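Keep in mind it's a predicted model, so treat the numbers as computed, not measured.
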Amino acid sequence: MSKRIEIKNLLEATELDVKVVVKGWVRNYRGNSFVMFAALNDGSSLQNLQVVIDIEKFDAAELKKISVGCSLSVEGTLKASEGKGQRVEVVAETIEVLGIADPEKYPIQPKKHSLEFLRENAHLRFRTNLFGAIMRVRHNMIYAIHTFFTERGFYNIHTPLITGSDCEGAGEMFQVTTLDLNNLPKTEDGKVDYSEDFFGKMTNLTVSGQLEVELACMALSKVYTFGPTFRAENSNTTRHLAEFWMIEPEIAFADINDDMDIAEEFLKYLIQYALDHCREDLEFLQERLIQEEKSKPESERSMPLIEKLQFVLANDFQRLTYTEAIDILKNSKPNQKGQFKYKIEGFGADLQSEHERYLVEKHFKKPVILTGYPKEIKAFYMKQNPDGKTVAAMDILFPGIGEIIGGSEREADFDKLNKRIEELHIPMKDMWWYLDTRRFGAVPHSGFGLGFERLMLFVTGMTNIRDVIPFPRYPKSAEF
RNA sequence: UCCCAAAUAGCUCAGUUGGUUAGAGCAUCUGACUGUUAAUCAGAGGGUCACUGGUUCAAGUCCAGUUUUGGGAGCCA
């Protein structure tokens, strides 16, 4: 007998009445004392394949082993379905139960489960329609990211996950050590003696690959890093993870406008790719959202998922400066009526998520790119504008997500960068290598960071970031 | 970390002003039914009411602490 055929291919097959081998997991099992029906799924498609089992032809003890969650290998004939719910089905001739799933103990039922329950069973949640769809979309987005950059002459640089610099400034870090925590070597003044540690110094998991990818940029011109990043912030929200994946391109000879152009093109490319390659899964996700929002009043319901994605493609992102945004917010109704928790008084205010949401969801009603932030609220490496008070930073704000991309033109001038580092008292003794990019052949360059799971939230319409990554890591949670 | 809410059967939930033996639907098990679509119908089993302590004649219900979960905030991607 031939090799197994993936269910996706069988469902699309035009040649019927042929012998096939199909393998997968039973999603549903029902019938009567004469004929049983097993809905089989192998992950190749959202759709299940119906396996028809004529009870007379099989050993009763073997059939008894079949239940929801078990794995089967089936040989049979692909036929036009006699029933109404599907085009084709496989009439089984031999069935082997590869692995049983005790129905008293298997937690995934053929019904809707709460996302909380599935998070507690994250090891099994892949076996649901929802997480199958999410993981297929996730894979397609990963592939599209590499395709986008490859097509444009970018090189993928693997930046280190273990870093010896402690001044990246992007958040709290997880320490990496092989020292015996119960018996730490100490220096004469009583501090931990890191010269005894594996790397001979204190090391952490990276919070960003940007500084390293800038080094490669100063030779390869167009580069990107796409890897996991780690933040030890104690943040418990639907938008933060302790371990998440970030895409950080860095482009030589590009200014802040080039940076915005490519960031917008990038996001639109990824959304278009999802629409072109994940249609069935997106339709499923859309339907799920519609069902979920049925309890809400009509005015609070959001645009259907696919329509929302198409809307983003069809419209230019609204570009404006931080100063212009402050003006809009200052004069906005909620600000004047005191409906904002943090009132906008004028230049210098850090925008809170309520303000970003107002701009994106109420005022412009589309994605917004904000530029020219006050230097005080942005990172040290951003290019200082001639006005002496703002930097060439840009944030892309998406509805429902908030900041999806943060980027900037980098300060290429050694003296200006060094002065900023001194002003902020950043400990740069371990960062001599970064400053060398400005000492030797510095060029204007720009880049940005896209939080991959935030993109996934937008594309899938999911609302909790813990549901768009296979194994979420967040405070008090590293079970699976 | 802060604010608000919640934790009852495998799952989703109900449980009145504190008062006999804590309920339902789904799932599971048994049976019925010749093609089902989250099949249907009948019956059965299934509970340390998150944990610890307190108030009370009496606590799933009230109080305190702890843990976990959800929503929001901060930090950010």
Side-chain angles (χ1 to χ4, degrees), chain A residues 27-39 47-56 64 67-69 79 81-86 89 91 101-121 124 128-129 168-172 207-210 226 228-248 263 340-342 350-357 377-379 395-398 401-407 448-458 463-469 474-477 479:
Chain A
R27 288 291 180 82
N28 197 351
Y29 188 57
R30 57 175 175 267
N32 52 47
S33 43
F34 297 89
V35 60
M36 294 298 288
F37 302 92
Q47 302 300 325
N48 300 324
L49 177 76
Q50 175 155 284
V51 175
V52 183
I53 301 163
D54 184 347
I55 286 177
E56 278 191 341
K64 193 89 180 161
S67 64
V68 171
K79 291 198 163 159
S81 179
E82 286 178 37
K84 286 224 173 94
Q86 54 284 315
E89 63 193 15
V91 178
D102 183 349
E104 299 270 10
K105 292 178 184 148
Y106 183 63
I108 309 295
Q109 299 165 18
K111 69 168 206 173
K112 199 184 159 200
H113 287 101
S114 68
L115 293 169
E116 292 90 328
F117 174 73
L118 292 173
R119 250 168 252 150
E120 285 167 14
N121 292 279
L124 297 173
T128 62
N129 285 336
E168 292 175 30
E172 293 294 309
V207 293
S208 162
Q210 183 199 315
F226 180 7
T229 46
F230 308 88
R231 306 271 168 98
E233 303 283 355
N234 188 11
S235 43
N236 297 283
T237 79
T238 53
R239 299 183 306 283
H240 293 84
L241 290 165
E243 178 181 301
F244 65 99
W245 290 68
M246 192 151 63
I247 301 105
E248 295 172 287
F340 283 143
K341 194 174 166 196
Y342 298 89
D350 206 348
L351 298 184
Q352 307 296 325
S353 52
E354 60 181 348
H355 307 128
E356 296 179 350
R357 293 188 69 143
I377 60 173
K378 286 291 177 183
D395 281 0
I396 301 185
L397 310 177
F398 260 37
I401 314 284
E403 185 181 344
I404 193 167
I405 276 181
F448 62 83
L450 167 67
F452 183 56
E453 284 74 22
R454 295 225 175 138
L455 172 81
M456 281 295 299
L457 283 178
F458 187 75
T463 52
N464 192 320
I465 202 161
R466 296 166 185 179
D467 297 328
V468 295
I469 187 168
Y474 49 95
K476 304 278 183 287
S477 180
E479 179 71 20

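In this structure, A:Asn464 reaches the sugar-phosphate backbone alone: every heavy-atom distance under 4.0 Å involves primed, P, OP1 or OP2 atoms, never a base. Here A:Ile405 lies in heavy-atom contact (under 4.0 Å) with sugar-phosphate atoms only. Within 4.0 Å of A:Lys476, counting heavy atoms only, lie sugar-phosphate atoms of the nucleic acid but no base atom. As judged by a 4.0 angstrom heavy-atom cut-off over every strand, A:Ile404 is placed among residues touching the sugar-phosphate backbone only. Note on A:Thr238: only backbone sugar-phosphate atoms sit closer than 4.0 angstrom, heavy atoms only; bases stay farther off. Across all strands, A:Arg119 comes closer than 4.0 Å only to sugar-phosphate atoms, never to a base (heavy-atom distances). Across all strands, A:Lys64 comes closer than 4.0 Å only to sugar-phosphate atoms, never to a base (heavy-atom distances). Across all strands shown, A:Arg466 has heavy atoms under 4.0 Å from sugar-phosphate atoms exclusively, and none from any base.
Two rings, from A:His355 and A:Phe340, have their centers less than 6.0 Å apart.
With rounding to whole Å, A:Phe340 atom CZ is found 13 Å from B:rA73 atom P. Here the C1' atom of nucleotide B:rC76 and the CG atom of A:Leu450 are 14 Å apart, to the nearest Å. In this entry the distance linking CD1 of A:Ile108 with C1' of B:rU28 reads 15 Å, nearest Å. For the pair A:Ile465 CD1 and B:rG72 P, the computed distance is 13 Å after rounding to whole Å. Residue A:Leu115 contributes atom CG, which lies 10 Å from atom P of B:rG70 at whole-angstrom precision. Atom CD1 in A:Ile377 sits roughly 13 Å away from atom C1' in B:rC76 (whole-Å rounding). One atom, NE2 of A:His355, and another, P of B:rC75, lie 11 Å apart when rounded to the nearest Å. If you take CZ of A:Arg30 and P of B:rA27, they are 12 Å apart, rounded to a whole angstrom.
A:Arg27 has no side-chain polar atom (N or O) that falls below the 4.0 Å cut-off from OP1 or OP2 of B:rA38. Residue A:Ser353 has a polar side-chain atom (N or O) positioned under 4.0 Å from OP1 or OP2 of B:rA73. The shortest distance between the side-chain N/O atoms of A:Gln50 and the OP1/OP2 oxygens of B:rU36 is not below 4.0 Å. Between A:Asn32 and the phosphate of B:rA32, there is no side-chain N or O to OP1/OP2 separation shorter than 4.0 Å. Applying the 4.0 Å criterion to OP1 and OP2 of B:rA32, one finds that A:Ser33 has every side-chain N and O outside that range.
Of the residues near RNA chain B, A:Gly406 and A:Pro475, the one whose nearest nucleotide (by heavy atom distance) lies more toward the 5' end is A:Pro475. Along RNA chain B, the nucleotide nearest A:Ser67 and the nucleotide nearest A:Gly451 are compared for position; the residue whose nucleotide lies closer to the 5' end is A:Ser67.
Evaluation of atom-type donor-acceptor distances gives a pair under 3.5 Å for the side chain of A:Glu89 against the base of B:rG35. Looking at A:Glu233, its side chain has no donor and acceptor atom pair within 3.5 Å of the base of B:rU1. For a distance-only test at 3.5 Å, the side chain of A:Gln86 qualifies as a donor-acceptor partner of the base of B:rU36.
Taking atom C1' on both B:rA14 and B:rA73, the two are 33 Å apart, rounded to the nearest angstrom. Across B:rC11 and B:rA7, the matching C1' atoms stand 15 Å from one another, rounded to whole Å. Comparing B:rA9 with B:rC51, their P atoms are spaced 11 Å from each other, to the whole Å. The same atom, P, is picked in B:rC2 and in B:rU17; the two are 33 Å apart, to the nearest Å. Taking the P atoms as reference points, B:rU21 lies 24 Å from B:rC63, given to the whole Å. Nucleotides B:rU8 and B:rU12 place their P atoms 8 Å apart, quoted to the nearest Å. The gap from the P atom of B:rA6 to that of B:rG10 amounts to 23 Å, rounded to the nearest Å. Across B:rG47 and B:rG15, the matching C1' atoms stand 14 Å from one another, rounded to whole Å.
A donor-acceptor pair under 3.5 Å links the side-chain atoms of A:Glu248 to the main chain of A:Gly209, judged by distance alone.
A heavy-atom distance below 4.5 Å is not found between the side chains of A:Thr229 and A:Val207. Residues A:Ile53 and A:Phe37 fail the side-chain proximity criterion, which asks for heavy atoms closer than 4.5 Å. By the 4.5 Å heavy-atom criterion applied to side chains, A:Pro103 and A:Tyr106 are not counted as neighbours. You'll find the side chain of A:Asn464 reaches within 4.5 Å of the side chain of A:Arg119, heavy atoms only. Between A:Thr128 and A:Leu118 there is a side-chain heavy-atom pair separated by less than 4.5 Å. Counting heavy atoms from C-beta on, the side chains of A:Met36 and A:Ile55 come closer than 4.5 Å. The closest side-chain heavy-atom distance from A:Leu450 to A:Phe452 is not below 4.5 Å.
Residues satisfying the ring-ring contact (aromatic ring centres under 6.0 Å, His included) criterion with A:Phe117, sequence neighbours excluded, are A:His113.
Interatomic distance, A:Ser208 OG to A:Arg231 CZ, rounded to the nearest 0.5 Å: 6.5 Å.
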Using nucleotides 4-12 of chain B, report all nitrogen or oxygen pairs with the protein that are shorter than 3.5 Å.
from, atom 1, to, atom 2, distance (Å)
B:rG10, N2, A:Gln109, OE1, 3.4
B:rG10, N2, A:Gln109, NE2, 2.9
B:rG10, N3, A:Gln109, NE2, 3.4
B:rC11, O2, A:Lys111, NZ, 2.8
B:rU12, OP1, A:Ser114, OG, 2.7

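Here the shortest heavy-atom pairing between A:Glu453 and A:Phe244 reads OE1-CB, 3.4 Å.
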Secondary-structure string, 5' to 3', Watson-Crick or G-U under 3.5 Å, | for another-strand partners, for RNA chain B: (((((((..((((.....[...)))).(((((.......))))).....(((((..]....))))))))))))....
Salt bridge (charged side-chain N to carboxylate O under 4.0 Å, His left out) between A:Asp395 and A:Lys378, intermediate numbers included: CA-CA 11 Å; A:Asp395 281 0; A:Lys378 286 291 177 183; 3.0 Å; yes
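Ranking B:rU28, B:rG35, B:rG74 by closeness to the A:His240 side chain, first place goes to B:rG74.
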